[in-house]
Chemist: 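Structure incoming, see below.
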Amino acid sequence: MPNTDAIIVWQWGPYGISATVAYTWVVMGLLTGVSYLVTRRLSASTRLTRWQNLLEVIVLAIHTQIREVSQQEPGVYLPFVGTLFLFIATSSILGVVPGFVPPTASLSTTVALALCVFVAVPLFGVARQGVGGYLRTYLEPTPLMLPINVMGEISRTVALAVRLYGNMMSGTMIVAILVGIAPFFFPIVMQLFGLLTGLIQAYIFAVLAMVYIAAATRTHHPGRLARHRDGRTP
């Protein structure tokens, strides 16, 4: 499998665009174009297009999953977590296209996604609990845990990046090996297996991101948490 970070598709002086960035733009462009085409004629009637039905199913599934994980109203988290899932899932789906290398098979992309989560966690935490309330979570259950809690934030970011990169890279490499062994049968089976694995990895990454955000935004009032579970408060 080629190292897309080392392949430069466009160069202007000291600045260049790697194949990883180009493939990333392809995914972004496809998501943007499909989103525009599907949402430009949204309807509230009972007669919906197949694309709007599909969009509503996806959004509702992500919405429900966020609520179950966080026990909070999903609206504020839906754009971020949903974008993570759709980007990784679309990259995996496009991996079946000959000549296309999923950007998530590059460590630079998975690190960037993990860093997005790393930055989003404190932002959501501060927005939910305030600066003081969020920073106090690093001192729980005792101030002596501060260094360990900080290291935990860093280590789980690294784990997110490496887990996604390892799974995407291994699936692509296995397909490449089997193509050389049995070029007619195994590639089809492994492409389907790789597609399923990619979708599962997109789901796992999005769920883990939401788990980390939920931990940062969790309040410590049992009554409020009970009302969240009933769906009576945001």
Side-chain angles (χ1 to χ4, degrees), residues 24 27-28 31-32 35 39 42 55-56 58-91 103-104 107-165 200-234:
T24 300
V27 177
M28 293 167 56
L31 287 173
T32 302
S35 298
T39 59
L42 291 180
L55 177 64
E56 291 186 1
I58 294 174
V59 171
L60 181 60
I62 299 174
H63 190 277
T64 302
Q65 192 66 50
I66 293 174
R67 182 189 294 276
E68 292 178 355
V69 171
S70 67
Q71 298 296 325
Q72 301 175 31
E73 275 300 311
V76 67
Y77 311 117
L78 182 62
F80 178 70
V81 177
T83 299
L84 287 176
F85 172 78
L86 289 176
F87 177 83
I88 299 172
T90 303
S91 298
T104 46
L107 185 59
S108 60
T109 300
T110 59
V111 168
L113 293 174
L115 287 176
C116 288
V117 177
F118 180 77
V119 173
V121 168
L123 290 180
F124 282 119
V126 169
R128 180 74 176 179
Q129 303 191 77
V131 176
Y134 173 73
L135 293 179
R136 277 195 296 271
T137 61
Y138 287 94
L139 304 177
E140 297 174 352
T142 170
L144 297 176
M145 294 294 292
L146 175 61
I148 297 177
N149 288 335
V150 172
M151 288 301 299
E153 290 281 344
I154 298 173
S155 62
R156 72 187 185 187
T157 302
V158 175
L160 268 179
V162 173
R163 179 188 294 110
L164 180 59
Y165 169 72
I200 292 175
Q201 290 304 314
Y203 172 78
I204 292 174
F205 192 97
V207 167
L208 287 176
M210 192 60 241
V211 168
Y212 300 154
I213 293 172
T217 58
R218 185 181 300 117
T219 57
H220 301 280
H221 304 287
R224 184 180 297 178
L225 182 57
R227 290 195 297 273
H228 281 313
R229 289 173 177 166
D230 294 337
R232 291 179 291 182
T233 60

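Every value quoted in this text rests on a predicted model; they were computed, and no experiment measured them. Start at 1 with the first residue, then count along the sequence.
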Chemist: Going by side-chain contact (heavy atoms from CB on, under 4.5 Å), L164 matches just one of I204, I88, L107. Which one?
Modeler: I88
Chemist: Tell me whether T157 contacts the main-chain N or O of E153 through its side chain, where contact means a donor paired with an acceptor under 3.5 Å.
Modeler: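 Checked: pair present.
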Chemist: How close do V117 and A209 get, heavy atom to heavy atom, and via which atoms?
Modeler: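 The pair with the smallest heavy-atom distance is CG2-CB, 3.9 Å.
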Chemist: Nearest 0.5 Å, what's the OG1-OH distance between T217 and Y212?
Modeler: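 If we round to the nearest 0.5 Å, T217:OG1 and Y212:OH are 14.5 Å apart.
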Chemist: Taking it one step at a time, do F87 and T24 satisfy side chain to side chain contact (heavy atoms under 4.5 Å, CB included)?
Modeler: CA-CA 9 Å; F87 177 83; T24 300; 3.8 Å; yes
Chemist: For the residue pair T39 and S35, what are the closest heavy atoms and their distance?
Modeler: OG1-O, 2.6 Å
Chemist: Can you see which heavy atom on A161 is nearest to which on T110, and at what distance?
Modeler: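 Reported closest heavy-atom pair: O-OG1, 3.3 Å.
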Chemist: As an exercise, state the distance from CG of L113 to OG1 of T104, rounded to the nearest 0.5 Å.
Modeler: 8.0 Å
Chemist: Sequence neighbours left out, what passes salt bridge (Lys or Arg N to Asp or Glu O under 4.0 Å) with E68? Give chain and number order.
Modeler: none
Chemist: CG/L139 to OG1/T137 distance, rounded to the nearest 0.5 angstrom?
Modeler: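 It is 8.0 Å, given to the nearest 0.5 Å.
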Chemist: Going through the checks in order, is the side chain to side chain contact (heavy atoms under 4.5 Å, CB included) test met by V121 and R156?
Modeler: CA-CA 12 Å; V121 168; R156 72 187 185 187; 3.6 Å; yes
Chemist: Under a 3.5 Å distance rule, please check whether T109 uses its side chain to pair with a backbone N or O of P103 as donor and acceptor.
Modeler: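 Here the side-chain-to-backbone pair exists.
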Chemist: Measure the shortest side-chain to side-chain distance between L208 and R163 over non-hydrogen atoms and say whether it is less than 4.5 angstrom.
Modeler: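 With C-beta onward as the side chain, the pair touches.
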Chemist: Does the pair Y203 and F85 meet the rule for a side chain to side chain contact (heavy atoms under 4.5 Å, CB included), with working shown?
Modeler: CA-CA 6 Å; Y203 172 78; F85 172 78; 4.2 Å; yes
Chemist: Scan residues 115-161 for pairs that pass ring pair (Phe, Tyr, Trp, His ring centres under 6.0 Å), counting only residues two or more places apart or in two chains.
Modeler: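 Pairs touching residues 115-161 that pass the test: Y77-F124, Y134-Y138.
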Chemist: Considering non-hydrogen atoms only, spot the tightest contact between M210 and S70 and give its length.
Modeler: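 Result for this residue pair: CE-CB, 3.6 Å.
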Chemist: Which residue pairs pass the salt bridge (Lys or Arg N to Asp or Glu O under 4.0 Å) test when at least one of the two sits in residues 117-126, sequence neighbours left out?
Modeler: none
Chemist: Give me the atom names and distance for the closest heavy-atom approach of Q129 to A216.
Modeler: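 Minimum heavy-atom separation between Q129 and A216: NE2-O, 2.5 Å.
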